[in-house]
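Each remark here refers to the structure printed beneath this line.
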Amino acid sequence: MQFVTEINFAETAMATFVVVAVAFVVNRLFFKTNHASNVQLVGWKTPGVLLAGIFVVLALLLSVSEVTQFMTLDEAAFGEVLRNPLDRNIASNWAQGASHTANLIWIPITRGLQLISATPATIDSVLKGVHWLLGIGLILGIVGNLTILLPWPFRMRFWFAMALTGVLFLLPVDNVALKTLNYDLISLFGSTLAILLVTRGYVETETRLFWVGLGIAALAAQEKLNASLVLLVLCLVVGALEGAACRLHPVRTAVWSTLKAMTLALVVSLVSFGLAAISLIGDPALNVLIKTLPLFMELLTVWIYAPLRFIFGIGNALADPAVRSWYAWVAAALTFALLPLVAACVVAARSRLVAILEHLTRFSGFVFPTGLVFLAVTGIAGLYLVTPFFAPMVPLDAAMTIGVMNGVQLHFGTHGAAAHRLAAVGFAYGVFIAALPTALLAAACVTAMRLAWRPHPAPFFDVMFAIAVVTPGLLALMNTPTFNRYLNLPILWTVIVMVVRIVDVWMPQLISRKWAWLALPAMMLLMIVEVSPFRPLYAAFRPITVDYPEPDAPALGHLNFSWTGWGEETILAGKLIDEECRDKGALAGVDCAKIGIWSVYNGRWHPRFGSKVHQSGGGPFTGDGWPAGPGTYYVMNRQLIAGGLLAGFPAIAPDFVVRYRGFAMAWVFRGDRLKDAGYQFVWQ
């Protein structure tokens, strides 16, 4: 429960706002009409509802805790360019086809706070708070739309909403998106919400929901390439559905609706450019934005850059807007020509396709148990049979030359392309399994066994689950990165389907049996216990059943199936030193107020009020002119060595060690001890 005491005033206010807003919306949507009967259906006085509600609030607090008090490496970079009038995150990310939607929020906030002379730490904290609130809003939108879609009794839907909300607040990949200023949040939750809105539009025959969903999908596609593919598929789906619903001219309607859907996406992109231009008036970064205007159609085509880069080896040339422009225009032209044609073919052959789908529906009840068995077997095999490395720190087979990212290449010590591909698939599913909390996975496995015995089709969720299970393998075969952050979309979909299936199968029995209500709160409690040791970011999460080698010291180029550090260790080291210093009154004869930490991986720590120890700096050094007094402590995380940034690790014992459930993730060395040992920061 330490995470509750680590929440500062701003985070407390954020959590309170969410709780009050949710209570208001739930009352308006569910209880305002026929209030007495709905309360009776839910059973507010039952211990199960109260206990589950408590755990949902704890999950919320666990998510919000310390979100405004630290910055990872990427976030520190985002903050610096946002505050720079020459960049404003336009030259560094917008021009590369990412972060177009978030910038519409971040840039005005940053410029507004700079006008009142706010400190960089204040700007960072405000941006992160707004970012977290936006993500929570999208998560609640996902939960709400799923609750509406499910044809269950009121009481089951209410229990489902509580369970899914708690699980999504706790899911590690969700928190990586929620707690970091990056392009994962809107792309991950926005594209998922868009799918649900389009589905609701079909179920409720409400075409307005199609266009709302497409608008949100377009905003998500501007953030990250995986959401671009979702947008393209939704354009096709909306076109085909509207065509199939038209009796007089179905094919013509399908073509027209698909074109309208893609045009809507382009309008969203152009409006985003306009809003960004307005927010940049008076800044030199506006000139950079104008030069990227020819790429406004890129939200429909940016998904193709991953295959071009990792399959065909085009590489970093695509980061240049001028080089990328003709790719985007050719791809956009082909998309506008081919996608309406595909929609027309689907509608023309709809009777045959419906017959095929009806035949396949007979087997859809086996999708969840079969897919889960495949996921578990392949993931466990990957965890125990595959060892990941980074080249060039650990040399690789010369036959594998494609898949380089940020100067390093993931490989597995194999010989030959076929063995590499097989190991890559095992690694991807190992990462997938290692990202799932044990209690949730165990409950899903028990549910799968029940469904294998008594199949119960759920076509929409079966399709979602099948896509989620297949995606890691496909990405691995394309040499694209498959760490947990890059698999967040299929992981999220898998978890959603797991919760749907668990509640669908077991809740009717749990509601009617004495003490059975403990099962759902117990699952949430076990998730809290398992996830909380990996705070504040949870990127390094691993289940209790998984341990990694070399727990006490890093090895050059040696990875594992979880994140090896992103700079969030800075806040943990700072708190550790501050607490130790308070207990002793001083460290190495230095007063606590004069002690500073230096994050070599360039993370940021914004201490809470009352902390004496502070951060004195961050980032790499050149030469030997680094502060070497007893009042400076250097934080070196595992990624510095595993990622090959530092050539060597200090041979002396560290002063402090930051551990996640026994696995060391960062080491803290006092400056004078490093200097006396003759250590040098040698960068590679």
Side-chain angles (χ1 to χ4, degrees), residues 6-15 17 63-95 98-137 175-186 223 275-286 288-289 536-537 566-568 570-571 574 596-599 601-611 614-619:
E6 292 169 339
I7 299 177
N8 64 18
F9 176 79
E11 293 154 3
T12 302
M14 290 156 56
F17 172 78
S63 177
V64 76
S65 178
E66 298 183 296
V67 67
T68 64
Q69 301 176 44
F70 75 97
M71 302 281 282
T72 62
L73 175 73
D74 281 15
E75 292 177 282
F78 268 89
E80 289 171 3
V81 296
L82 281 167
R83 293 189 295 271
N84 181 3
L86 296 173
D87 193 315
R88 297 295 190 200
N89 204 35
I90 300 296
S92 48
N93 275 284
W94 183 293
S99 199
H100 286 207
T101 303
N103 273 338
L104 303 181
I105 304 170
W106 296 347
I107 293 173
I109 292 175
T110 301
R111 295 195 68 184
L113 290 172
Q114 285 182 316
L115 284 175
I116 60 174
S117 302
T119 65
T122 299
I123 297 173
D124 290 346
S125 298
V126 172
L127 287 173
K128 291 202 69 176
V130 172
H131 186 76
W132 182 87
L133 285 169
L134 174 62
I136 292 296
N175 279 285
V176 172
L178 285 165
K179 288 193 164 187
T180 55
L181 283 178
N182 221 305
Y183 30 73
D184 289 334
L185 184 141
I186 296 174
E223 285 293 285
L275 293 174
I278 293 171
S279 70
L280 289 169
I281 291 175
D283 274 350
L286 179 59
V288 180
L289 176 74
L537 187 58
W566 210 5
E568 71 275 15
T570 306
I571 181 176
I597 64 171
W598 190 292
S599 175
Y601 198 65
N602 205 19
R604 293 286 185 271
W605 173 40
H606 303 316
R608 288 191 305 146
F609 179 78
S611 299
H614 63 282
Q615 183 171 359
S616 56

- prompt: Nearest 0.5 Å, what's the OG1-CE distance between T570 and M71?
  reply: 11.5 Å
- prompt: Would you say N8's side chain and A10's backbone share a donor-acceptor pair under 3.5 angstrom?
  reply: yes
message: Let me confirm one number: the CG-CG distance from L86 to N84, rounded to the nearest 0.5 Å.
response: 4.5 Å
- request: Indicate yes or no for a side-chain donor-acceptor contact from Q69 to the backbone of E6 under 3.5 Å, with no hydrogens or angles considered.
  value: yes
message: Using 0.5 Å steps for rounding, measure from the CZ atom of R604 to the CD atom of E80.
response: 5.5 Å
- prompt: What heavy-atom pair brings W94 and A276 nearest, and what distance separates the two atoms?
  reply: CH2-CB, 3.6 Å
- prompt: Are T68 and W132 linked by a side-chain donor-acceptor pair shorter than 3.5 Å?
  reply: no
- prompt: Are R111 and S279 close enough, and set up right, to give a side-chain contact (heavy atoms from CB on, under 4.5 Å), and what steps lead you there?
  reply: CA-CA 8 Å; R111 295 195 68 184; S279 70; 5.7 Å; no
- prompt: Are the side chain of E11 and the backbone N or O of E66 linked by a donor-acceptor pair below 3.5 Å?
  reply: yes
message: Could you walk me through whether I136 and M14 satisfy the side-chain contact (heavy atoms from CB on, under 4.5 Å) test, starting with their C-alpha distance in whole Å, then the side-chain angles of each, then the deciding distance to 0.1 Å, before giving a yes or no?
response: CA-CA 10 Å; I136 292 296; M14 290 156 56; over 6 Å; no
query: Can you list every pair that meets ring pair (Phe, Tyr, Trp, His ring centres under 6.0 Å) and has a residue in residues 64-83, with sequence neighbours left out?
result: F78-W106
field: Value rounded to 0.5 Å, distance of CG in L82 from OG in S92
entry: 7.5 Å
query: Can you tell me how far the CG atom of L127 sits from the CD1 atom of I107, to the nearest 0.5 Å?
result: 10.5 Å
- prompt: Can you check whether D74 reaches T180 side chain to side chain, under 4.5 Å on heavy atoms?
  reply: no
Salt bridge E75-K179, side-chain N to carboxylate O under 4.0 Å: no
query: Quick check: does any side chain N or O of E223 sit under 3.5 Å from a backbone N or O of H100, one acting as donor and the other as acceptor?
result: yes
query: Quick check: does any side chain N or O of H131 sit under 3.5 Å from a backbone N or O of A177, one acting as donor and the other as acceptor?
result: yes
- prompt: Are the side chain of D283 and the backbone N or O of L286 linked by a donor-acceptor pair below 3.5 Å?
  reply: no
query: For the atom pair CG (L178) and CG (L133), what is the distance rounded to the nearest 0.5 Å?
result: 10.0 Å
message: Is it the case that the side chain of W566 and the backbone of G603 share a donor-acceptor pair, with hydrogens and angles ignored and the cut-off at 3.5 Å?
response: no
message: A side-chain contact here means heavy atoms from C-beta on lying under 4.5 Å apart; do R83 and D124 qualify?
response: yes
